[in-house]
Every structure is written in C-alpha cells, then in structure tokens.
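In what follows, a single structure is set out as structure tokens and then discussed.
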Amino acid sequence: MRDPNRIYEFCNELAEIWSKVPDWRFGQLIINVLGPYPFYMEDDRAMKCFRIFLDEVYKKKENENKQ
C-alpha cells in the first residue's frame, strides 16, 4: 500500500506551484505540465515535471524583469 501521507506533501507542493499561475484552471495546469495522458505517471515523476515547470516560470519572470 502506498503511504497516504504522500498525498498531503504532493498537494501542498502542487498548491505552491499552481499559485505561480493563478489564472490557470486545474485542468489547464495538469495538461500544460504533464501532457494529455498523465494517468500512468508516478507521483514522483509528475512532481519532477511540476518543479521543472516552476523553474521555467521563474526564468521567464527573471527575463521579463531584465528587459
């Protein structure tokens, strides 16, 4: 059985990431970051994709601030 505590850790980190694009709906976030078929993706791989996405958001904001 999977550790049920992983749900809260994952959701809390996801909330932090989602807050960087608050205009997006939940479905947009999932599809834009994980692609159209995230069903079989393990939690750790999904979170890695969200972290990469967050890094890209920060890079984009840094570039906008430099201009």
Side-chain angles (χ1 to χ4, degrees):
M1 179 176 190
R2 294 176 191 252
D3 179 8
N5 291 322
R6 81 188 194 293
I7 295 169
Y8 298 101
E9 292 172 24
F10 187 93
C11 289
N12 289 337
E13 191 166 353
L14 179 62
E16 182 67 29
I17 292 167
W18 191 3
S19 71
K20 304 304 176 192
V21 286
D23 292 334
W24 288 11
R25 295 177 304 277
F26 178 72
Q28 282 180 286
L29 179 68
I30 298 302
I31 298 302
N32 288 344
V33 176
L34 303 180
Y37 304 106
F39 186 77
Y40 294 105
M41 189 177 292
E42 291 292 334
D43 297 345
D44 59 338
R45 181 159 180 241
M47 187 50 66
K48 182 177 180 180
C49 292
F50 283 118
R51 289 177 185 140
I52 291 169
F53 167 76
L54 183 62
D55 289 344
E56 293 299 318
V57 167
Y58 278 123
K59 286 178 190 174
K60 182 179 178 185
K61 286 184 179 182
E62 284 178 8
N63 289 336
E64 289 173 354
N65 290 338
K66 288 180 183 178
Q67 295 177 358

(request) Determine the sole option in E9, R6, K48 for which the side-chain contact (heavy atoms from CB on, under 4.5 Å) test with D43 is passed. (result) R6
(message) If you compare all heavy atoms of D23 against all heavy atoms of Q28, which two are closest, and at what distance to 0.1 Å?
(response) O-OE1, 4.1 Å
(message) I'd like to check L29 versus L14 (side-chain heavy atoms, cut-off strictly below 4.5 Å). Are they in contact?
(response) yes
(request) Taking the side chain as every heavy atom from C-beta outward, state whether E16 and L54 have any pair of such atoms under 4.5 Å apart. (result) no
(request) Show your reasoning for whether ring pair (Phe, Tyr, Trp, His ring centres under 6.0 Å) applies to F26 and W18. (result) CA-CA 8 Å; F26 178 72; W18 191 3; 5.5 Å; yes
(message) Nearest 0.5 angstrom please: I52 CD1 to I17 CD1, how far?
(response) 10.5 Å
(request) Output yes when E42 and R2 qualify as a salt bridge under the 4.0 Å nitrogen-oxygen rule, no when they do not. (result) yes
(message) Give me the atom names and distance for the closest heavy-atom approach of M41 to A46.
(response) SD-CA, 3.5 Å
(request) Could you tell me the separation between the CD1 atom of I31 and the CZ atom of R25, rounded to the nearest 0.5 Å? (result) 11.5 Å
(request) Return the orientation label for the W24 and F53 ring planes: parallel under 30°, perpendicular over 60°, tilted otherwise. (result) tilted
(message) Using every non-hydrogen atom in the two residues, find where I30 and P38 come nearest and quote the distance to one decimal.
(response) CG2-CG, 4.0 Å
